Amino acid sequence: MSDGGLFDVPDAAEQERMVEAVLFASAKPLSVGELQARLPHGCDAAAALSRLAELYAGRGVEVRKLGDAWAIRTAPDLSHLMMREVVETRKLSRAATETLAIVAYHQPVTRAEIEEIRGVSVSKGIVEQLMELDWIRLGRRRDTPGRPVTFVVTRTFMDHFGLASPRDLPGLAELRAAGLLEGTPPPEAETRPATLFAAADEE
Amino acid sequence: MSDGGLFDVPDAAEQERMVEAVLFASAKPLSVGELQARLPHGCDAAAALSRLAELYAGRGVEVRKLGDAWAIRTAPDLSHLMMREVVETRKLSRAATETLAIVAYHQPVTRAEIEEIRGVSVSKGIVEQLMELDWIRLGRRRDTPGRPVTFVVTRTFMDHFGLASPRDLPGLAELRAAGLLEGTPPPEAETRPATLFAAADEE
Amino acid sequence: MADDLSEGPVRDAVADRLAAEALIVDVAGFEGPLDLLLRLAQTQKVDLRKISVTDLARQYLAFVKRAREMRIELAADYLVMAAWLAFLKSRLLLPPDPEEEGPSAEEQAAHLAFQLERLEAMRRAAAALMARDQLGRDVFARGAPEGVARTRRVTYTATLLDLMQAYARTRTRDEFRPFVMDRDDVWTMEEALDRLRPLIGNATIWTDLAAFLPEGWDGDAARRRSATASTFAAALELARDGRLHLEQADMFGPIRIRGRT
């Protein structure tokens, strides 16, 4: 350990210990930047992280990448031992899970687009519920007339569903290959009922 | 992993994983008995625990015995990483700024001289604060009865205020010319402080 | 339930009511016309891309007709969809009108099929998402996270301007201080007392008060006045304490004092 000199950078093993300690201490995932900020100057959090992830592979707890952040989580195959730790959560309604899936697979997505896909207007309660769970949040406004807000999924969402990246969403590649994630505009909007659905957005 | 047979006992490595995961997820330290109760039948929690403690020895976190229970805790030498320093910048108090100014203009200056100029006694706290900021330090003792200590400004002070030398500080006449003095003092005041500076310089 | 069997109309009424209730439940169970269409399409048991939109339109219209016969209030969007599907169905069955502009009936049908397929895909995706290992259910975070202690460090700052203004303030404070009497020419009573006390012991004979004025205070009138007043006051103070005697022979005559022995 080198802790004497003011500008001594801890060696690789020590950096690994530091990342390990900080990651263990936090219940929430930490981004590389956040980790970096907690380490002494000159440390390479990203390198220490990847070494640490390797070290923990196959263990009872794992170093997992969750979106742009990292966290230590118990191995999923040991969930049966954790009955006592299970947090009872209210079951999400079908409408809410569908809306969540649409945000996750189509993000950034506007409310009108969600309604187009689901064929019904999105109730305010659902968006509120998903935002309260910190699973979706507002993204950038769309550069189209009216500059509608968009929704994207959050780091908490990635953490909750154990997703290392949005690309890891189940079946994403197949859906994309089938063209089901493209914003295919309707052939003509005037006569189609879809316009009526979209109108529900305004209510 | 053996999860098929009803009476299969997990092997040693698997038991270690289990203890690791349970200990990690538990909100409070667990006794050997409690761990034993959480593991499948036939496991040896104590043995797995001691192997795990060994495995973690020297790592960023350690398996520690707390009373008669066990928990995963940050290694004590890394506790400094668990501190987040919030730096708050405040404006120096009026009394401290005045004291500092007097030291800068009259250095080396004794406490009694500062008090004479300010017209009030200088609190110990202010001198300590200015010394802690490394803006003033003790100069040579004055060759007068009682040999009082003197104060001078530091290199840090010069850096902070962007001064090459304390002599670069503008005189009172210049301050007034720059409109930095409020009010209209009597004309004789023009010359008096200047001579006082000169006298202070000679000391 | 023999009565029910014998009385046909009653049984029919019950059956109708049950059917109506089932339909109400069904309509309530659908999330809009698209959801209903998807459910109907799924009964065709074919790839949604190969779905027969005309069959689907027929099924949907039949559903709406039945709901109307049972006087079930259908939301407006179900009826709009019905009207559109009836229109689409008729266009699909007729040869295309070469004069007509806009998308063909086939294109509109294809888009409807796409919409249904996309909705179904999102439903499957939602199910797949929910089936993943979830935090707090299958995967767990540290049960006893060690919080980050926040320490507050306060740094102080000042600018050169602050410094100069502060100095200017201290150097000019005297010039603006509240008015106090200049004490250069004042001999205070405390000073007179301090001077008189040790001298009076030796004054065994009557002595003019003026003799007790301090050196240098008998010349300038202002100074003499101040010293005389304070020395007189001090003499009165000491007389009260029984330390000396005072006498004045006549009005405005000299005041003489003598120590008390």
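Below, read A as the first sequence line, B as the second, and so on, with proteins coming before strands; counting in each chain starts at 1. Just so you know, these numbers come straight off a predicted model, no measurement behind them.
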For chain C, which residues from residues 23-38 of chain B have at least one heavy atom closer than 4.5 Å to it?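 The stretch touches chain C at B:F24, B:A25, B:S26, B:A27.
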
Under 4.5 Å from a heavy atom of chain C, the part of B:E132 involved: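 Answer is neither: B:E132 stays 4.5 Å or more from chain C.
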
Counting only heavy atoms closer than 4.5 Å, note whether B:I102 contacts chain C via side chain, backbone, both or neither.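 Contact with chain C is through both the backbone and side chain of B:I102.
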
Does anything in residues 123-144 of chain C get under 4.5 Å of chain B by heavy atoms, and if so which residues?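 Only C:F140, C:A141, C:R142, C:G143, C:A144 of residues 123-144 of chain C have a heavy atom under 4.5 Å from chain B.
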
Side chain proximity check, C:L163 to B:W135, heavy atoms < 4.5 angstrom: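 Of all side-chain heavy-atom pairs linking B:W135 with C:L163, none is under 4.5 Å.
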
Quick check: are there more than 12 heavy atoms from other residues, nucleotides or ligands sitting under 6.0 Å from CD of C:E247?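 Result for CD/C:E247: enclosed.
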
Taking the six-membered ring for Trp, are C:Y167 and B:H106 parallel (under 30°), tilted (30 to 60°) or perpendicular (over 60°)?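 Ring orientation of C:Y167 relative to B:H106: tilted.
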
Mind checking ring pair (Phe, Tyr, Trp, His ring centres under 6.0 Å) for C:F212 and listing every partner two or more places apart, or none if nothing turns up?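 Expected list: none.
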
Partner set under side chain to side chain donor-acceptor pair (under 3.5 Å) for B:R155, not counting sequence neighbours: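 For B:R155, no residue satisfies side chain to side chain donor-acceptor pair (under 3.5 Å) once neighbours in sequence are set aside.
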
